[in-house]
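Residue numbers begin at 1 in each chain, while the letters A, B, ... track the order of the sequences.
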Number of protein chains: 2
Amino acid sequence: MFRINKLTDYAVVLLVDMARSDKVRAAQQIALDTGVPLPTVAKVMKALLRSGLVVSHRGACGGYGLAHPPRSITVADMIQALEGPIALTACVDKAPHADGEEACGLGSLCPMNGQWDTVNRRVEAALRTVTLADMAAGPLPAFAPEFTRARAAVLAAEMGAERAGEMAS
Amino acid sequence: MFRINKLTDYAVVLLVDMARSDKVRAAQQIALDTGVPLPTVAKVMKALLRSGLVVSHRGACGGYGLAHPPRSITVADMIQALEGPIALTACVDKAPHADGEEACGLGSLCPMNGQWDTVNRRVEAALRTVTLADMAAGPLPAFAPEFTRARAAVLAAEMGAERAGEMAS
DNA sequence: GCGATGTGGACCAAATTGGTCTTCTTTTCA
DNA sequence: TGAAAAGAAGACCAATTTGGTCCACATCGC
């Protein structure tokens, strides 16, 4: 499957929504607009904030906004924000463990010496060719954003009365 | 960290060793030569066999060999053999579940419609630019293959007397 | 100062992964 | 023809990772 994390997937969904809205919104509002559970939105935003992809404003009327124009945020940036450096194998991040041993058990005996570096660089380059603006624009969204938003609200309501009430307050 | 499976990592190590040796060898011998545990070699080979990357010969003097020249086996092939089609998100393989619902919970409401397809195609293209021959050639292996093999044998012996004896028989 | 909002981290249940084992089939060779 | 060598298929369990949630605290605006 060669998957990215679900959390990373959420991050892209949230960032696309932010790129389309282009306003500072509270995490609660973003959760409502996208249908992603609030605690998950909070967790993702924390990671995006640390990586400098979004900016935050605390206090009343606070919220999150994009730190850069969508055109200059790439898929590689989003993935790296959630999952760290792009390293397909343990061989490449040679950060020695506490006991001085290398991450790859075989150490310098590993016959792959540096071959994975090439692969990693090419994958990262590929991921750098698609931007948030591309993701947000889309060739032809099946539904207009308004419909999407309305449908998401319905979904949020169905998630449970107590939570929906709390979120809608 | 955007990793491939450890099993996939092993598969590449084994295939590189097979490309360098270019002989039909028993799984036991490959395990000895690479330092990868025998049961793991067997498991990886099963996947590689199903994908047609290696051929097998049963019975005495049997073993595994490459099904194609290293030049025509790409990193993408190896990853797909172990992990299935390259699909960074659950959105892309729209195979409906048993209950008729799509893999992505949001269904056609998902605002990503088709955007991930582009990313997936570009990543796969990148992975297709590096072949098994490239991985096996290497720019400059730190040690000659003979040293690697001898060292692997020592490692195998250290794994335990009973297993080492059984493997050396 | 109070309420709204973000921040940081702990926490646990569920899913995935990795590694091993067992049993069976196929092939070679004496 | 039968025994040994080797692969095939899958069940199984432990360990790790992931995901989702919650809590206590820090800021900010009114």
* Side chain T34(A), main chain I30(A), donor-acceptor under 3.5 Å -> yes
* Asked: In Å and rounded to the nearest 0.5 Å, what is the CG to CG distance from L132(B) to L66(B)?
  -> 6.0 Å
* To do: Return the value, rounded to whole Å, for the distance between atom CD of Q28(B) and atom C1' of dG7(D).
  => 12 Å
* L53(B) to L15(B) - nearest heavy-atom pair and separation -> CD2-CD1, 4.3 Å
* To do: May I ask you to test the I4(A)-W116(B) pair for a side-chain heavy-atom distance under 4.5 Å?
  => yes
* Contact class for A42(A) (heavy atom, under 4.0 Å): base, sugar-phosphate, or nothing? -> nothing
* **Integer-rounded Å distance: dT21(D) P and Y10(A) OH** => 9 Å
* Pick the nucleotide of DNA chain C nearest each of R50(A) and N5(B); which residue has the one closer to the 5' end? -> R50(A)
* Does S56(A) have a side-chain nitrogen or oxygen under 4.0 Å from the phosphate oxygens OP1 or OP2 of dT7(C)? -> yes
* To do: Look at the side-chain N and O atoms of Y64(B) and state whether any lies under 4.0 Å from the OP1 or OP2 oxygen of dA8(D).
  => yes
* Send over the distance from H57(B) NE2 to dA8(D) C1', rounded to a whole Å. => 15 Å
* Does a nitrogen or oxygen in the side chain of K6(B) sit under 4.0 Å from OP1 or OP2 of dG19(C)? -> yes
* Whole-Å gap separating P (dT21(D)) and CG (L38(A)) -> 10 Å
* Mind listing the closest non-hydrogen atom pair of V24(B) and G65(B) along with its distance? => CG2-CA, 4.3 Å
* Structure fact -> From CZ of R58(A) across to P of dT27(D) the rounded distance in Å is 6 Å
* Nearest whole angstrom, please: distance from the P of dG6(C) to the CE of M18(A). => 10 Å
* From the options dG10(D), dA6(D), dT20(C), select the nucleotide whose nearest atom is closest to the side chain of K43(B). => dT20(C)
* Write down the distance between NZ (K46(B)) and P (dA6(D)), rounded to a whole number of angstrom. => 17 Å
* Most 5' of G59(A) and T8(A) on DNA chain D, judged by nearest nucleotide -> T8(A)
* Quick one: which of dG29(D), dA8(D), dC29(C) gets closest to the side chain of C61(B)? -> dC29(C)
* **Between dG19(C) (P) and M45(B) (CE): distance, integer Å** => 15 Å
